[in-house]
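For reference, the structure is listed below as structure tokens.
Order of the sequence lines sets the chain letters (A, B, ...), proteins ahead of strands, with each chain counted from 1.
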There are 4 protein chains.
Amino acid sequence: MDDTPRGKVLSAAGHLFREHGYERTTVRDIAAAVGIQSGSLFHHFASKEDILKAVMIDVIRFNTARMRNALAEAHDPQAKLRALITCELESIVGDTREAMAVLVHCWDSLSEDRQAEVLALRKIYEELWLDALREAAKLNLITVDPFILRRLIAGMISWSNTWFDPRGSMSFAELIDTILQLVTRSAR
Amino acid sequence: MDDTPRGKVLSAAGHLFREHGYERTTVRDIAAAVGIQSGSLFHHFASKEDILKAVMIDVIRFNTARMRNALAEAHDPQAKLRALITCELESIVGDTREAMAVLVHCWDSLSEDRQAEVLALRKIYEELWLDALREAAKLNLITVDPFILRRLIAGMISWSNTWFDPRGSMSFAELIDTILQLVTRSAR
Amino acid sequence: MDDTPRGKVLSAAGHLFREHGYERTTVRDIAAAVGIQSGSLFHHFASKEDILKAVMIDVIRFNTARMRNALAEAHDPQAKLRALITCELESIVGDTREAMAVLVHCWDSLSEDRQAEVLALRKIYEELWLDALREAAKLNLITVDPFILRRLIAGMISWSNTWFDPRGSMSFAELIDTILQLVTRSAR
Amino acid sequence: MDDTPRGKVLSAAGHLFREHGYERTTVRDIAAAVGIQSGSLFHHFASKEDILKAVMIDVIRFNTARMRNALAEAHDPQAKLRALITCELESIVGDTREAMAVLVHCWDSLSEDRQAEVLALRKIYEELWLDALREAAKLNLITVDPFILRRLIAGMISWSNTWFDPRGSMSFAELIDTILQLVTRSAR
DNA sequence: TATGAATGAGCGTTCATTCAT
DNA sequence: AATGAATGAACGCTCATTCAT
């Protein structure tokens with residue numbers, strides 16, 4: 001994705017944090033994956049935790065931007081809902097899969113200070129969801145309280161990284177439809 | 001819950017693993033929480049990982065038993081579904097909240113051997129869900145494939161431990177109803 | 001050999017000390033070999049080191065007595081030399097093999113105080129050798145200084161536990177003859 | 001001998017292993033003797049056991065080379081025998097005294113894998129001895145089977161580190177002569 | 001005597017971080 | 001920027017010994 005030293009570190013770290021967890025990954029592992037010495041990492045990042053924070057921030061920024069773009073092309077509430085589900089599923093099981101898994105899984109490894117920084121960006125992302133859900137609620141497209149529904153959807157989607165395989169019996173598009181049906185048919 | 005040394009260790013470990021994660025919790029932390037020396041832990045458990053395994057096994061056994069009891073008193077598919085959702089939500093946000101969070105969150109900290117042992121018990125628990133969902137599918141109570149639906153439900157419920165507060169705007173009973181509606185109304 | 005608890009402990013300890021060394025053998029290993037709990041060992045011996053000391057003292061006493069008996073039946077210097085070599089070889093490769101290996105191998109694991117106690121008994125044993133060698137020197141049966149020769153012989157014999165196998169190409173009797181020849185033919 | 005960090009560690013370890021044994025020597029003892037922190041040891045050696053292995057391998061290599069040089073200047077079987085005894089005695093009571101004592105005394109502390117590595121080098125060294133003894137046997141310089149005689153000599157020489165003192169009543173040269181006489185005069 | 005839970009000091013080893021080069 | 005040796009605190013675990021029962 002990114003050919004700079006910083007980008008290569010982040011990509012390797014994302015992969016390793018996801019595979020072995022944050023604390024079981026050593027800075028030597030990351031450095032070795034990039035092809036440098038562990039001491040050299042500290043010219044690019046002040047600490048191991050800062051690498052983790054950067055992985056998280058980058059992926060949130062990237063997916064927020066992608067979601068904004070998708071929403072810009074969706075012209076009714078139903079289409080917006082589909083766009084949101086599609087984008088979030090894509091982020092969870094697609095290209096940013098590893099960094100997203102890190103975001104969920106390694107959250108507690110981040111100090112409170114750094115959690116707050118990440119949370120500020122996350123909030124912007126969540127507002128996109130809540131705006132669309134509130135609009136859908138007004139039109140009775142959904143009946144469950146937007147705040148609650150957002151959390152139930154987040155659970156379904158984020159959990160899908162533990163089991164969904166695009167080469168399995170259910171396609172990516174079918175999964176989107178299934179979730180959308182669960183969420184909206186309940187409004188009939 | 002359990003006044004034996006073993007029980008006290010497991011309860012303290014569950015709490016600490018959940019709060020700080022498995023690797024950030026030291027055996028000295030656990031011992032201190034119980035009021036013994038760290039070396040004494042090893043009279044009860046062969047290793048730190050065995051403590052983690054025991055936390056997981058105990059909570060699966062307990063919740064499998066509770067679910068069986070609830071199912072025994074549910075006499076139609078709809079009631080069974082409600083019983084399952086109630087039990088699992090109870091396990092996630094209620095009394096076994098901490099151990100259940102550990103089960104999900106610390107999974108990768110367990111060696112493959114031990115994962116297999118836990119998985120064997122987990123399979124029994126999942127069979128209970130799949131049996132009920134297959135029965136509900138036959139009656140068109142649900143339309144989504146039981147295997148897929150089980151995973152979507154698991155996502156919603158397990159994620160609820162990150163946000164649900166029984167003292168908040170939504171009660172425990174309302175949450176059960178909401179999930180049940182999402183799952184079954186989609187069948188209309 | 002000895003059916004008392006003390007005897008069983010000493011026999012098991014000798015075996016384990018020889019096989020794994022003193023520090024790699026735990027009191028739990030010894031207790032398990034005897035069929036008791038590790039705490040119970042301390043009703044018979046004040047410490048692990050005292051067990052080691054007892055193994056050493058017992059084997060020295062036993063072999064000193066055996067040597068005395070053999071010497072009593074040897075009526076000339078040549079026969080006495082043969083008796084000494086035979087007894088010491090027997091102790092090293094025969095019945096007391098394990099305890100003798102412990103005596104040599106685990107010597108440095110003993111505190112200086114305890115070493116002195118064992119050394120006092122060892123001195124009596126060595127006097128038996130030196131008396132016989134001095135007598136042989138007077139008759140020109142040997143030419144090397146008795147004190148030096150005793151050490152060279154001790155080296156040959158004690159080292160034999162690392163390689164001699166009575167079922168191998170050389171018999172026990174042949175080994176005795178070979179050593180005797182090396183020691184006495186040099187006098188011709 | 002060697003001024004590199006590696007050399008200083010090996011020298012300190014040899015001294016300590018010899019004085020207190022392998023298991024009673026801690027990595028902190030070794031590090032303190034070298035003047036570094038215990039953790040820093042592990043930049044040079046992967047484990048404590050690897051330090052022991054390196055001590056053994058270094059001393060075998062060194063003494064094999066020395067023996068080869070000495071043999072190259074010995075032009076008849078008698079001279080070769082004297083060269084071998086001189087070199088081995090020198091290694092046992094002279095400059096490499098401590099490492100040689102470690103080689104014998106700490107053997108069982110080495111894992112089987114590492115023992116095999118050391119044994120491979122030791123075999124080369126022993127071949128030097130056996131070649132010379134076989135040649136001496138052909139000329140009736142010795143009568144005892146070379147294989148057996150090698151072991152009796154090894155016993156005498158290795159044991160000498162427990163008692164021989166060059167400042168004592170017997171000189172180094174006299175000890176060599178004494179052993180050579182015992183070994184060769186028996187052939188007359 | 002025997003038990004077995006508990007102690008507590010110490011073990012080999014790990015690892016994020018520093019810093020002279 | 002990059003190196004790599006060094007740090008030093010902390011880790012999981014061991015084990016001889018004690019002692020209430």
Assign each of D/Ser38 and A/Ser40 to its nearest nucleotide of DNA chain E by heavy atoms, then name whichever residue's nucleotide is nearer the 5' end.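 Going by which nucleotide is closer to the 5' end, it is D/Ser38.
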Residue met sooner reading DNA chain E from 5', once A/Phe42 and C/Gly39 are mapped to nucleotides: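 The answer here is C/Gly39.
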For DNA chain E, note the earliest and the latest nucleotide, 5' to 3', having some atom under 4.0 Å of a heavy atom belonging to chain C.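 Span of nucleotides near chain C: E/dA2 to E/dA6.
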Sorted by number, the residues of residues 44-56 of chain C with heavy-atom contact under 4.0 Å to DNA chain F: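 Hits under 4.0 Å, by residue number: C/Ser47, C/Lys48.
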Residues of residues 16-29 of chain D with any non-hydrogen atom less than 4.0 angstrom from an atom of DNA chain F: list those, numerically ordered, please.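 By residue number: D/Arg28.
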Please report the interatomic distance [atom1]([X]) to [atom2]([Y]), rounded to the nearest 0.5 Å.
X: A/Leu41; Y: A/Ile30; atom1: CG; atom2: CD1; answer: 6.0 Å
X: C/Ile60; Y: C/Lys123; atom1: CD1; atom2: NZ; answer: 13.5 Å
X: B/Tyr22; Y: A/Arg24; atom1: OH; atom2: CZ; answer: 7.0 Å
X: D/Leu110; Y: D/Gln115; atom1: CG; atom2: CD; answer: 5.5 Å
X: C/Phe17; Y: C/Leu10; atom1: CZ; atom2: CG; answer: 9.0 Å
X: D/Glu23; Y: D/Cys106; atom1: CD; atom2: SG; answer: 7.5 Å

Answer yes or no: is there a donor N or O on one side and an acceptor on the other, between the side chain of [X] and the main chain of [Y], under 3.5 Å?
X: C/Thr96; Y: C/Ala99; result: no
X: C/Asp58; Y: C/Val55; result: no
X: C/Thr25; Y: C/Leu16; result: yes

Return each pair, listed once, that meets side chain to side chain donor-acceptor pair (under 3.5 Å) where at least one residue sits in residues 37-47 of chain C; pairs must be two or more places apart or across chains.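 Side chain to side chain donor-acceptor pair (under 3.5 Å) check on residues 37-47 of chain C returns no pairs.
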Taking all heavy atoms of C/Val102 and all of C/Met56, pick out the closest pair and write down the distance.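 Nearest heavy atoms, C/Val102 then C/Met56: O-CE, 3.6 Å.
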Counting just side-chain N and O atoms, does D/Gln37 come under 4.0 Å of either OP1 or OP2 of F/dG8?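 The answer is yes; a side-chain N or O of D/Gln37 sits under 4.0 Å from OP1 or OP2.
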Report yes or no: is the cationic atom of C/Lys53 (NZ for Lys, CZ for Arg) under 6.0 Å from the centre of the six-membered ring of C/Phe45, at an angle within 45° of the ring normal?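 Pair C/Lys53/C/Phe45 does not count as cation-pi.
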If you write DNA chain F from 5' to 3' in dot-bracket form, with Watson-Crick or G-U pairs under 3.5 Å, [ ] for crossing pairs and | for pairs with another strand, what do you get? .||||||||||||||||||||
Quickly work out the B/Leu41 CG to F/dC13 P distance and round it to whole Å.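 Roughly 10 Å, once rounded to whole Å.
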Between A/His43 and D/His43, who's closer to the 5' end of DNA chain F by nearest nucleotide?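 The answer here is A/His43.
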Of all residues at least two apart in sequence or in a different chain, which pass the ring-ring contact (aromatic ring centres under 6.0 Å, His included) check with D/His15?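 By the ring-ring contact (aromatic ring centres under 6.0 Å, His included) rule, D/His15 matches no residue at all.
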